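Input: a single structure, listed below in structure tokens.
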Amino acid sequence: MASQNDRPAIADCVLLERMAGRNERALGELYDRHGGAVYSLALAIVGERADAEEVVADSFGQAWRTAERFDPARGSVTAWLATITRTRALDLVRARGRRARALTRAAVGNSEGLAAPIAPAGEAPDRGVERQEARRMVERSLSELSESQRRIIELAYFCGLTQTEIAAELREPLGTVKTRMRAGLEKLRGSLVPFLSRGEP
Amino acid sequence: MTDHRWQELAAPYALSALAPEERAEFDAHLAECVTCRAEVQAFREVSGLLAHAAPAAVPPRALRERILRAARQVRPIGAPRGPVLPWLAAAAVALALAAGYGYWTARVAQTGLRTALDSARARLDSTSQLVAAILDSAVGTADLAATGKPPSMRLFWNRARNVVVVAAFELPPAPAGRTYQLWAIKKGQAPVSVGTFNTPPGGRVVVTLRMPAGLKPDLSAVTEEPAGGSPQPTQQPFLVGSWQGGG
């Protein structure tokens, strides 16, 4: 579905280079490509739109200020942005003592998991096709995990819980949580490899 | 290299799901193990894609402009907006030199006088803003030190603008794949990240970070963290100091 025409003409890491040279249009382009995904991630963690906007603004601000330190040899722009966003979102949740609420929200989504509600096509603000393909890929990969593996990964990813905290939350032995988290992530890595390898240089 | 126990930690580490002690241990191991660093990197990519598991949401249109506007304020290009007092300009120049901004002159021959002037003007403007932020009334300060010996750091917190100006001295650049992270600490609560930064080879830098809204910290501290920063400190801080005044 995603043909060559749908792929951005300029690689993400080139945008970062331009941002390091204080090129604002490159920042705008980066936002157009990743803003929707970054906002969705922030919203899934913080739960409120105003806070999510704050996190997104701060994350792109950080990307702008630190663009010159981005090293493409150490990973993709997608992973870098996601790390920044997740860190900021989890910080905000902690700063506001909202963790309990985040957990409650996660618990509500229990049966289908947080990954369940995929928005209808066309709603995505980013370059649609590519992001939709990524979403489908991730959704499919997650659906191949066991219920328990998926739940454990989601608690870590969206609620910022450590393995010890997850064990307490789920009333499972720590060893079980560790094994399942690792097995789940290994499996995701295996099924997402095609997507990872053809992404960026 | 083939130690299985370490490799098992790479996946949860990339998700920041290790308990603090385990994480600190693994951090130390990462510093000397290429294999595990590569493993962590691979799982960070997986973690990056997991962002797509979040329910799709559409950011408001105004957010794009807000981000671009903020970016313009970080390093404004063009003439200063208002008159700058002579003494403030002098202070700005002094601070610019102190902060190591003087190297632009070396590029004149290559890029032409005009570019150099624009860039100098932009830097002077951003430095003026920096000075204004520091000299505002109700600015809190904190001196961070490692028991009297270098490195050291001075923080200026402008509450009205919600910015923290960080001036670091004799702080060598963080190792490859690592960064420095500044924390704000309210006694009895978990540290909150103010942001990450690094230093040039000279070990001296001035950066502006944002204090998380609504936070009134007693202390600030600096740790070394994996690139991108950590949700919580993974090491004992090597610089600590308490906040004074401004409130």
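Quick caveat: nothing in here was measured; it's all calculated off a predicted structure. These numbers come from the heavy atoms of this one structure, side chains and all, not from hydrogens, waters or symmetry mates. Lettering of chains follows the sequences in order, A, B, ..., and the numbering in each one begins at 1.
Between chain B and the options A:M181, A:E54, A:E186, A:Q163, heavy-atom pairs under 4.5 Å are most frequent for A:Q163. The greatest number of non-hydrogen atom pairs below 4.5 Å with chain A, out of B:A51, B:A14, B:A11, is found for B:A51. Contacts with chain B were tallied for A:R88, A:M137, A:K178; A:K178 has the most, counting heavy-atom pairs under 4.5 Å. The most heavy-atom pairs under 4.5 Å with chain B, out of A:L188, A:T179, A:D91, come from A:D91. Here A:R86 is the residue among A:Q62, A:R86, A:R49, A:M19 with the most heavy-atom pairs under 4.5 Å with chain B. Ranked by heavy-atom pairs under 4.5 Å with chain A, the list B:A17, B:A10, B:A42 is led by B:A17. Counting heavy-atom pairs closer than 4.5 Å to chain A, the top-ranked of the candidates B:G228, B:S16, B:P231 is B:P231. Ranked by heavy-atom pairs under 4.5 Å with chain A, the first of B:L18, B:L50, B:V192 is B:L50. Between chain B and the residues A:A57, A:A156, A:A89, A:A82, the most heavy-atom pairs under 4.5 angstrom are made by A:A57.
For B:A62, no part lies near chain A; criterion is any non-hydrogen pair under 4.5 Å. For B:A19, the parts sitting under 4.5 Å from any heavy atom of chain A are the backbone and the side chain alike. If you measure heavy-atom distances from B:R66 to chain A, the contacts under 4.5 Å come from the side chain alone. Residue contact with chain B, scored on non-hydrogen atoms closer than 4.5 Å, involves the side chain of A:D58 exclusively. For a residue to count as touching a neighbouring chain, one of its non-hydrogen atoms must lie under 4.5 Å from one of that chain's; by this rule A:R74 touches chain B with backbone and side chain alike. Contact of B:R44 with chain A is made through backbone and side chain together, with heavy-atom distances under 4.5 Å. For a residue to count as touching a neighbouring chain, one of its non-hydrogen atoms must lie under 4.5 Å from one of that chain's; by this rule B:P212 does not touch chain A. Looking at B:L215, neither its backbone nor its side chain comes within 4.5 Å of chain A, counting heavy atoms on both sides. Residue contact with chain A, scored on non-hydrogen atoms closer than 4.5 Å, involves the backbone of B:S230 exclusively. Proximity to chain A is absent for every atom of B:V40, based on heavy atoms less than 4.5 angstrom apart. With a 4.5 Å cut-off on non-hydrogen atoms, A:V56 touches chain B through its backbone and its side chain both. Neither the backbone nor the side chain of A:A50 comes within less than 4.5 Å of any heavy atom in chain B. For B:Q189, no part lies near chain A; criterion is any non-hydrogen pair under 4.5 Å.
One distance of note links CD1 of A:I45 with OG1 of A:T85; it measures 8.0 Å at 0.5 Å rounding.
At least one side-chain heavy atom of A:W80 sits under 4.5 Å from a side-chain heavy atom of A:T66. Side-chain contact between A:Y39 and B:V58 is absent, with no heavy-atom pair separated by less than 4.5 Å.
In terms of modelled atom types and a separation under 3.5 Å, the side chain of A:S40 and the main chain of A:G36 share a donor-acceptor contact.
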